[in-house]
Protein chains: 2
Amino acid sequence: MATSDPVYLRVVEDIRRQIIDGTLPPGAPIPSRAQLTRKYQVGETAARHALRVLAGEGLIIGRVGSGHYVRDRPVLAPLHRWRFLDRPAPFAADLQAQGRRVTWDWHSEPVEAGPDLGRRLKVDGSATLTRTHYIFRGDGKPLQLATSYEPLELAVHGEDERRGLVARMHTLGIKITEVVESVHTRPPRPAEIDALHLAAGVHVLHVERTHWAGDRPVETSDIVIPGDRFRVMYSMPL
Amino acid sequence: MATSDPVYLRVVEDIRRQIIDGTLPPGAPIPSRAQLTRKYQVGETAARHALRVLAGEGLIIGRVGSGHYVRDRPVLAPLHRWRFLDRPAPFAADLQAQGRRVTWDWHSEPVEAGPDLGRRLKVDGSATLTRTHYIFRGDGKPLQLATSYEPLELAVHGEDERRGLVARMHTLGIKITEVVESVHTRPPRPAEIDALHLAAGVHVLHVERTHWAGDRPVETSDIVIPGDRFRVMYSMPL
DNA sequence: TCCGCAAAGTTGGGGCTCCAAGTCTGTTCG
DNA sequence: CGAACAGACTTGGAGCCCCAACTTTGCGGA
């Protein structure tokens with residue numbers, strides 16, 4: 001234990017420990033800035049910075065006018081950072097960053113939600129959604145597929161589809177606050193083998209992603225990525 | 001475009017755009033705090049905050065005494081946040097957060113690096129590494145496997161293995177600065193079918209992860225996760 | 001030409017303050 | 001009793017300042 005660690009880290013580590021070991025359960029209030037300065041004998045800057053770090057880690061959430069609280073949902077990791085959320089696919093931007101030319105095509109049509117999508121988007125099964133199929137290509141070769149579903153009243157048509165979801169929602173006055181993803185592996189469906197030129201025996205990564213604005217889901221998508229040739233490099237600053 | 005957006009966002013968005021569209025190529029210097037305050041007519045707090053946000057996104061990196069630079073490696077996403085890096089496996093902590101009791105066993109032994117691990121850890125193929133096999137269980141049932149490799153001189157033995165890598169390196173005066181992961185899907189090996197009780201035809205997610213301290217790799221591991229039953233929920237604050 | 005050193009510039013930790021906007025709570029008034 | 005309102009708190013944006021530690025650069029002397 002280095003004695004000259006920044007003081008804000010003392011606060012961060014103490015609160016983080018309490019959250020992880022359950023002393024501060026989900027929903028519990030975190031001391032306010034003013035209380036932290038007194039409790040830990042630090043300046044307001046340090047207290048504020050500690051709260052920001054914990055919020056950035058997703059352990060706590062700040063509510064203006066009320067306070068900071070331990071998040072109730074386990075907040076873990078995204079498959080990509082938020083600046084890349086504004087694309088329909090998690091990995092297309094990554095490849096772009098690696099210098100490969102990524103292009104994509106899409107087409108949209110209205111569909112009935114059905115029970116499964118109804119649950120994912122918290123709408124009635126008979127509601128109409130806009131379904132958009134995407135195919136991403138890197139240097140011409142197929143990379144990944146994505147199918148996105150949005151409630152009809154939120155979908156914007158025409159040229160606007162080129163813009164990302166976050167930007168489009170922004171113009172509607174809706175702020176995306178959260179993204180939830182789940183990932184699993186499965187054998188490809190025939191259409192996927194075809195579209196992605198999959199070799200025999202190769203499975204796919206299936207990412208199910210939902211964008212939330214508060215407690216309301218505004219978009220959900222299924223992203224299908226070939227499981228063999230695809231090795232994405234992530235890296236992360238500590 | 002909302003006119004009352006925070007001013008720091010103007011700076012963030014402008015610089016981010018320049019990085020993404022290539023105006024600021026990898027390695028290019030970002031204007032300093034002082035320069036940003038002049039260029040964008042903002043206070044030091046806003047300039048500083050903008051740089052911190054961009055650094056947090058992994059787009060730029062700050063070097064004390066020198067400046068901020070566009071990162072040369074595409075910095076994308078981790079499979080888990082750094083607070084969970086301090087575990088040998090990406091998903092064990094997630095399950096713990098979901099209320100499932102996670103336990104694990106491990107055993108270590110010295111091995112010769114060989115060409116592949118030598119490359120991953122930037123050591124000679126004849127160097128000796130400490131290999132540690134882990135098996136993670138959730139409520140008694142096998143969840144995932146991990147195999148971790150460390151240069152012999154960095155591995156700490158005995159009780160200390162219970163502590164996470166980041167903490168152990170900290171005591172050695174080594175600061176982990178980066179984590180790089182790649183993920184792909186493949187059929188399981190016989191030993192994996194056995195250890196994970198995999199059903200026929202189920203593939204596994206294979207995560208290859210390396211911890212870096214500056215430009216020196218200090219640990220690399222292979223994490224094997226069943227691809228079927230495993231649906232991890234991530235979520236992320238925006 | 002090369003070396004060493006000092007000055008200037010830069011990050012990151014910390015401190016303090018002001019303010020808008022939102023939430024909470026307790027009291028007063030109809 | 002119930003509704004409305006005022007005052008106390010809280011977050012998040014923003015500004016300005018000081019300082020330690022580190023890097024870069026340019027200058028002067030050998």
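First the proteins, then the strands, lettered A, B, ... as listed; each starts at 1. Just the heavy atoms: all of them, side chains too, but no hydrogens, waters or symmetry mates, feed the values below.
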Asker: side-chain contact (heavy atoms from CB on, under 4.5 Å) with A:L121: which residues, sequence neighbours excluded?
Answerer: A:V123, A:L129, A:Y149, A:P151, A:P217, A:T220
Asker: Tell me whether B:R10 contacts the main-chain N or O of B:Y40 through its side chain, where contact means a donor paired with an acceptor under 3.5 Å.
Answerer: yes
Asker: Does any part of the side chain of A:L54, heavy atoms only, come nearer than 4.5 Å to the side chain of A:V12, both counted from C-beta?
Answerer: yes
Asker: Grab the CG-C1' distance between A:D5 and C:dG13 for me, whole Å please.
Answerer: 12 Å
Asker: Short question: side chain of B:R120, backbone of B:S221 - any donor-acceptor pair under 3.5 Å?
Answerer: yes
Asker: Using whole Å, report how far NE2 of B:H49 lies from P of C:dG14.
Answerer: 17 Å
Asker: How long is the line joining OH of A:Y40 and C1' of C:dG14, in whole Å?
Answerer: 18 Å
Asker: Can you check the B:R38 CZ to D:dG15 C1' distance for me, whole Å?
Answerer: 17 Å
Asker: Given C:dT11, C:dC18, D:dT11, identify the nucleotide with an atom nearest to the side chain of B:R33.
Answerer: C:dT11
Asker: Carefully, step by step, assess B:L59 and B:I15 under the rule side chain to side chain contact (heavy atoms under 4.5 Å, CB included).
Answerer: CA-CA 10 Å; B:L59 281 172; B:I15 296 177; over 6 Å; no
Asker: Just so I know, are the side chains of B:I30 and B:V70 near enough to count as touching, which here means a heavy-atom distance under 4.5 Å?
Answerer: yes
Asker: Separation of B:I60 atom CD1 from C:dG12 atom C1', in whole Å?
Answerer: 13 Å
Asker: Compare the minimum distances between each of D:dA14, C:dT10, C:dG13 and the side chain of B:Q35, then state the nucleotide with the smallest one.
Answerer: C:dT10
Asker: Take the protein atom CZ of A:R52 and the nucleotide atom P of C:dG13, then report the distance between them rounded to whole Å.
Answerer: 13 Å
Asker: Is any side-chain N or O of A:T45 under 3.5 Å from a base N or O of C:dG14, one able to act as donor and the other as acceptor?
Answerer: no
Asker: Give the rounded distance in Å between these two atoms: CZ of A:R48 and P of D:dG13.
Answerer: 9 Å
Asker: Using whole Å, report how far CG of B:L36 lies from P of C:dG9.
Answerer: 16 Å
Asker: Kindly point out which of C:dG14, D:dT11, D:dG13 is positioned nearest to the side chain of A:S32?
Answerer: D:dT11
Asker: Among D:dC17, C:dG13, D:dA14, which is the nearest nucleotide to the side chain of B:E44?
Answerer: D:dC17
Asker: Check each residue of residues 61-69 of chain B for a non-hydrogen atom within less than 4.0 Å of any atom in DNA chain C, then write out the ones that pass by number, or none.
Answerer: B:G62, B:R63, B:V64, B:G65, B:S66, B:G67, B:H68
Asker: If I compare all heavy atoms of B:A50 with all of B:Y8, which pair ends up nearest, and what's the gap?
Answerer: CB-O, 3.8 Å
